[in-house]
Engineer: 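One structure, as structure tokens, below. Some questions next.
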Amino acid sequence: MTDFNRSVLPVAVRSNGATPNPWWANAVVYQIYPRSFQDTNGDGIGDLKGITSRLDYLADLGVDVLWLSPVYRSPQDDNGYDISDYQDIDPLFGTLDDMDELLAEAHRRGLKIVMDLVVNHTSDEHAWFQASRDKDDPHADWYWWRPARPGHEPGTPGAEPNRWGSYFGGSAWQYDPKRGEYYLHQFSRKQPDLNWENPEVRKAVYRMMNWWMDRGIDGFRMDVITLISKHLDSHGRLPGEVDSELSEGEIGEEGYTDASPFCSDGPRLDEFLAEMRREVFEGREGYMNVGEAPGITPERNEFITDPAHKELDMLFLFDHVGVDQEGSKWNTVPFEVRNLRARLADQQEAVRNAGWASLFFCNHDQPRVVSRWGDDSDRESRELSAKAFGMLLHMHRGTPYIYEGEELGMTNAHFTKLDQYRDLEAINAYRQRVEEARCQSPESMMAALALIGRDNSRTPMQWDASRYAGFTAADAATEPWIGVNPNHVEINTAEEFDDPDSVYGFYKKLIAMRHGNATVATGEWNLVAADSEQVYSFTRTGGDDTILVMVNLTGRTARVPAEVARLLGNGVGESQVLLSTYDAVHGVKSIARGELARWEGVVIQL
């Protein structure tokens, strides 16, 4: 962690219930999507040397931890989230020596490195899976293999063990002629689910994790880790299998049943996570582990992240990033402030007494927040709304996560054609919903992809205004693996780096506040004006210190809610304005008028 930018929280300041406070209680994490961050060899794909070359930029920003999306050896069916060798680096990104150099150079600058880890599933090219295709091999039970349904020809429609659908479209079962059975894959057919019920699987995973920890990494972000425990009946059968005691539910509009209720937060999840803690992390210091947590409620987050239960430090919850979706992910509805506030408030209240929250709007699976809920139609609106959502997120209680380019106000890709997309989920979803199930029109689906498709966050990092945004050399023989956003000419690091009023300058201030202000880092969180249609406001309190945060999350002028006005009393002075999306003078004048300008946010010392 960048000790030169942050203070260590005293034990007297309560964070997640642990004593002493964990080092990450006032840290900020920066996610890097390696294939889109910096290309140094001209092949159009980012690499580890590229990350190393940009460490000074990240240290200047002030972040403490770098989370790397997967760089392990992989066929890249799902951009590295399909791992074929956990203990090697994919040649696309470099070598193990490059990884060691990155670790050494990051640590020299006080930055920690957390690696993305995918252990709910592997690639179908992993040696474990290839061995499991032989029923007589010791690995035969390392994955979820099942025979065809009786009376059906194996490999034909209807012969699948149950009717579960994959998150990436189509059936969640794939027939393997060599073994003569089906294997479960909740995601791509090239991502078979590991069978965590088998203790040998868990031992192998822990050995691998220890190998990386011993090599010097500082922890893991664990992909869909809350899917590792499946619901089984008393005979070990999955829901919907022949003679299973568990029903798999109703068939949905795409022609399949939903596996998520039976694979999310399963009955042995706590057991598995506690075992992992014992086998990998106990006795180590200075690490951080965070789990991606589909299907987990705020209440369960409190339990899993409570240090007394010795499971995980943090979880990524998803209820708040679904507020503009109804039913299917691809059925989008207008953003409403009240819905976001309700979800985030639930998350904050759940960890009031124990546990911890992860704070994020953007990542490699989410679109750019400034395009999704803000306004990227012109420069002023983009910068103001980027600052507004940045302020809102970073002033909550928990550990903030910044996704590459979020600190610049990078926007969605604004693709208009399907062939511009590279994401397997997007391409499969279009085929499934538009061409096969015919439950969505082409126009509606393309609009949904443009708003929330994952490739929106995966366009190359915008370093400068050159041909390829500085991601790769302007005269490189190979174009970037995905199109560069044309607005990189206006939105880039070179343009913003030395401008204290830029989005980048604003994020530096947010990070500095968390590092230096114990109330921002760990103070109590309390919602104010829960019914406002435009303004999201809350207080942070530590001892006798109270900070008020209020943000107008719309492009229209908003009245200061009455409950907030009462807290402000006779108004505020410039010295009380700790941060503003405009400036302190503007904030004081707005409060005096009893209103907030469009996208205006202020942090006020009461």
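No hydrogens, no waters, no symmetry mates; every other heavy atom, side chains included, goes into these values. Because the structure is predicted, anything quoted here is derived from the model rather than measured.
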Engineer: Do the rings of F361 and H320 sit parallel, tilted or perpendicular, given the 30° and 60° boundaries?
Structural biologist: tilted
Engineer: Please confirm whether the ring centroid of Y287 lies under 6.0 Å from the ring centroid of F281.
Structural biologist: yes
Engineer: Does any donor atom in the side chain of R207 or N210 lie under 3.5 Å from an acceptor atom in the other side chain?
Structural biologist: no
Engineer: Any donor and acceptor pair, going by atom type alone, linking the side chain of S502 with main-chain N or O of D499 inside 3.5 Å?
Structural biologist: yes
Engineer: Check this for me: K509, atom NZ, are more than 12 non-hydrogen atoms of other residues, nucleotides or ligands nearer than 6.0 Å?
Structural biologist: yes
Engineer: So, T332 and D324: side-chain donor and acceptor under 3.5 Å apart, yes or no?
Structural biologist: no
Engineer: Could you tell me if D39 and Y468 have a donor-acceptor pair between their side chains, going purely by distance under 3.5 Å?
Structural biologist: no
Engineer: Ignoring hydrogens and geometry beyond distance, is a side-chain donor-acceptor pair present between T478 and D43 at under 3.5 Å?
Structural biologist: no
Engineer: Are the ring centres of Y81 and H364 closer than 6.0 Å?
Structural biologist: yes
Engineer: Return yes if a side-chain donor-acceptor contact under 3.5 Å exists between N26 and R6, otherwise no.
Structural biologist: yes
Engineer: For a quick check under 3.5 Å, do D319 and Q347 share a side-chain donor-acceptor pair by atom type?
Structural biologist: yes
Engineer: Do S15 and W356 have a side chain donor and acceptor closer than 3.5 Å?
Structural biologist: no
Engineer: Step by step, work out the side chain to side chain donor-acceptor pair (under 3.5 Å) result for D116 and Y72.
Structural biologist: CA-CA 9 Å; D116 217 321; Y72 314 94; over 6 Å; no
Engineer: Indicate whether the side chain of D47 and that of T40 have a donor and an acceptor atom separated by less than 3.5 Å.
Structural biologist: yes
Engineer: For the residue pair T122 and Y86, confirm or rule out a side-chain donor-acceptor distance under 3.5 Å.
Structural biologist: no
Engineer: Within the 3.5 Å criterion, strictly below it, is a donor on N487 or H414 matched to an acceptor on the partner's side chain?
Structural biologist: no
Engineer: Regarding D97 and T95, do their side chains bring together a donor and an acceptor under 3.5 Å, going by distance alone?
Structural biologist: no
Engineer: How are the rings of W599 and F389 set relative to one another: parallel (under 30°), tilted (30 to 60°) or perpendicular (over 60°)?
Structural biologist: tilted
Engineer: For the residue pair F37 and W463, is the inter-centroid distance of their aromatic rings smaller than 6.0 Å?
Structural biologist: yes
Engineer: Going through the distances and angles, do K203 and E279 end up as a salt bridge (charged side-chain N to carboxylate O under 4.0 Å, His left out)?
Structural biologist: CA-CA 9 Å; K203 290 176 184 176; E279 296 298 322; over 6 Å; no
Engineer: Do Q191 and D78 meet the criterion of a side-chain donor-acceptor pair at a distance under 3.5 Å?
Structural biologist: yes
Engineer: How are the rings of W67 and Y401 set relative to one another: parallel (under 30°), tilted (30 to 60°) or perpendicular (over 60°)?
Structural biologist: perpendicular
Engineer: So that I can tick it off, tell me whether E407 and K508 are bridged by a salt bridge, with the cut-off set at under 4.0 angstrom between side-chain N and carboxylate O.
Structural biologist: no
Engineer: Do side-chain atoms of H488 reach the backbone of S466 as a donor and acceptor pair under 3.5 angstrom?
Structural biologist: yes
Engineer: Do other residues, nucleotides or ligands put more than 12 heavy atoms under 6.0 Å from the CD atom of Q87?
Structural biologist: yes
Engineer: Taking atom types as modelled and ignoring hydrogens, do the side chains of Q31 and N363 form a donor-acceptor contact shorter than 3.5 angstrom?
Structural biologist: no
Engineer: Between D77 and S123, does any side-chain donor sit less than 3.5 Å from a side-chain acceptor?
Structural biologist: no
Engineer: Taking only Lys NZ, Arg NE, NH1 and NH2, and the carboxylate oxygens of Asp or Glu, determine whether D455 and R422 approach each other closer than 4.0 Å.
Structural biologist: no
Engineer: Would you check if the distance from the ring center of F187 to the ring center of F168 is below 6.0 Å?
Structural biologist: yes
Engineer: Tell me, yes or no, whether the heavy-atom count around R189 atom CZ, taken from other residues, nucleotides or ligands under 6.0 Å, exceeds 12.
Structural biologist: no
Engineer: Would you tell me whether Y504 and D60 have side-chain atoms, one donor and one acceptor, within less than 3.5 Å of each other?
Structural biologist: yes
Engineer: How about S580 and D583: does a side-chain donor come under 3.5 Å of a side-chain acceptor?
Structural biologist: no
Engineer: With no hydrogens and no angle check, do the side chains of S74 and D82 hold a donor and an acceptor under 3.5 Å apart?
Structural biologist: yes
Engineer: Would you say the ring centroid of Y30 lies under 6.0 angstrom from that of Y507?
Structural biologist: no
Engineer: Decide, yes or no, whether a salt bridge links R379 with E383 under the criterion of side-chain N to carboxylate O below 4.0 Å.
Structural biologist: yes
Engineer: Would you say the side-chain atoms of S36 and W481 include a donor-acceptor pair closer than 3.5 Å?
Structural biologist: yes
